[in-house]
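Read the structure below first, then the notes.
Residue numbers start from 1 in every chain, and the chains themselves are labelled A, B, ... in the order their sequence lines are given, proteins ahead of strands.
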Amino acid sequence: MRKVYADNAATTALDKRVLDDMMPYLTEIYGNPSSLYQTGAIAKEAVENAREKIAKLIGASSPLEIYFTSGGSEADNWAIKGICSALKAKGKNHIITSKFEHHAVLHTCQALEKDGFEVTYLDVYENGIVKVEDVKNAIKDTTALVTIMYANNEIGTIQPIEEIGRVCRENKVIFHTDAVQAVGNVEINVAEQNIDMLSLTGHKFHGPKGCGALYVRRGVRPDRLIDGGGQERTRRAGTENVAGIVGLASALELAISTMDERNARLTKMRDRLIDGLLKIERSRINGDRVKRLPGNVNMCFEGIEGESLLLKLDMAGISASSGSACTSGDLDPSHVLLSIGLPHEIAHGSMRLSFSDDNTEEDIDYILEQVPPIVDYLRMMSPLWEKIKNDERNN
Amino acid sequence: MAYTEKVMDHFANPRNVGEIKDASGVGEVGNSKCGDIMKMYIKVEGNVIVDCKFKTFGCGAAIATSSMATELIKGKTIDEALKLTNKAVMEALDGLPPVKVHCSVLAEQAIKAALADYYTRQGIDPTPIVGEIKECDHDHGCSCEI
């Protein structure tokens, strides 16, 4: 049976070339970068080379603006809690974010709300895109931070980051973006895009899990989240994940060097898949069709439930994900799908397919061949579908 | 979250899917907002449930518990079917993940709803026999009426 991994927004396969670059730091070069002897110094040099590489790749003005973390969630927590903690004493107790952020941002904001912060959750409208005007209107004297994701993890919609950054700059408010889904997939330049802080993680672009970074523009000073040793110029304690850091830089370099070719290919594949799946009656594409990540397809099929769809797809060798309540371990469907105005019953029937360099046109053919009969089968046994069809006949 | 082999078997090859045109009783529980609806059809002859079919909108566990519930009451007397519990459905499936227990409750309620309809059609008040039918067993603050 054919196997199609179509859940690259969840995580990607580690690139063999990245693993090769990491391998020495998992074996012979095991020294602690803080140590003075040779093997420590070599490890330290590897970390600093990676920092320099990443700074250049995202358009930072200095490697000193890159801080390594354990991944995207830590970077988000640090950026948001760190700035809020630093600015609280100055009377800044307001955060602006959007309704469909990743939980690493949303739950962090909710935690701060309990500590007395006021949080504005901006609408993302039917197309899944924040309006710059709304950001502008929400800013007030007490605003400590604006945090808006670069690209949504479920529906892949890309936000007007540069314009939001400009509005924040004009109003002297710090702007953070969770760019975990975007880095390596779209062109990013933190300086040109007016970004003050940016979270990224390696495993979304064929790097290793457990290693990410926070870009912090010079002059922006979030309080420390992790206390301890003096690593990361005393900003983030903990012995460096040397192999992870080397892998992160190596994966990002590869991702960016092949981005144009890949995006042209993935955009074509994505659009063909969307067009094909939209032929299924009562199906819909979630989020803006054009302003979305090249590898993201998110659809709803009325009358069926997402988890059973995923299980059926898995039996056909296709790995996908869903915003259905049943896959989230929660009983409500995805907050992202609800934020773009989908009713619960439709949001339950969602499917996300996300692609990377490893996917081919043949994968798309296979998905287009497998999905329609599975949807038909589940609809055949669905009393909700029966109702939808009866209502159609009666109207 | 992992399903047992039995759950996967009943999900992949559900027993008794469909409708019974001349059913003696039909029951439906759950709602689309919560993401699961079960509809049960029973055919009663004498005192015996000679046929049982279902249609379900829901997750893997919802489909598997519906399928197992139909298996457990098919060929049984009404009295035996009335004694069906969600626990029996779960046990027959070798267990369910904690977040899916409500699916087995819904399956039990769906069978009861079909039996209640059967009594109603006979002109008998079903409540003293079958009990109250719960529309939804969720405790997540949804607006489902219990």
Handout entry: A:H102 side chain vs A:N152 backbone, donor-acceptor pair below 3.5 Å
Key = no

Completion exercise
In terms of heavy-atom pairs under 4.5 Å with chain B, the winner among A:P343, A:P383, A:S308, A:G349 is A:P383

Exercise for the section: Could you tell me whether A:E392 and A:K389 make a salt bridge, using a distance below 4.0 angstrom between a side-chain N and a carboxylate O? Expected result: yes

Exercise for the section: May I ask you to decide if A:I155's main-chain N or O and A:R292's side chain share a donor-acceptor pair within less than 3.5 Å? Expected result: yes

Handout entry: Portion of A:K312 that has a non-hydrogen atom of chain B nearer than 4.5 angstrom
Key = both

Exercise for the section: Return yes when atom CD of A:E126 has more than 12 non-hydrogen atoms of other residues, nucleotides or ligands closer than 6.0 Å, and no otherwise. Expected result: no

Handout entry: 4.5 Å side-chain heavy-atom contact, B:V89 and B:L84
Key = yes

Exercise for the section: Flag the pair B:D117 and B:K112 as a salt bridge only when some basic side-chain nitrogen lies within less than 4.0 angstrom of an acidic carboxylate oxygen. Expected result: no

Practice task
Mind ranking A:K387, A:M315, A:E386, A:M380 by heavy-atom pairs under 4.5 Å with chain B and telling me who comes out on top?
Solution key: A:E386

Handout entry: Criterion side-chain contact (heavy atoms from CB on, under 4.5 Å) against B:I111, the qualifying member of B:I49, B:L82, B:I42, B:I73
Key = B:I73

Problem - Neighbours of chain A found in residues 6-18 of chain B - heavy atoms under 4.5 Å - result: B:M8, B:F11, B:A12, B:P14, B:V17

Exercise for the section: Verify the distance criterion only: is there a donor paired with an acceptor across the side chains of A:S354 and A:N8 at less than 3.5 Å? Expected result: no

Practice task
Identify which part of B:I37 has an atom lying under 4.5 Å from any heavy atom of chain A, answering side chain, backbone, both or neither.
Solution key: both

Practice task
Go through the atoms of A:L311 and report whether side chain, backbone, both or neither lie under 4.5 Å from a heavy atom of chain B.
Solution key: both

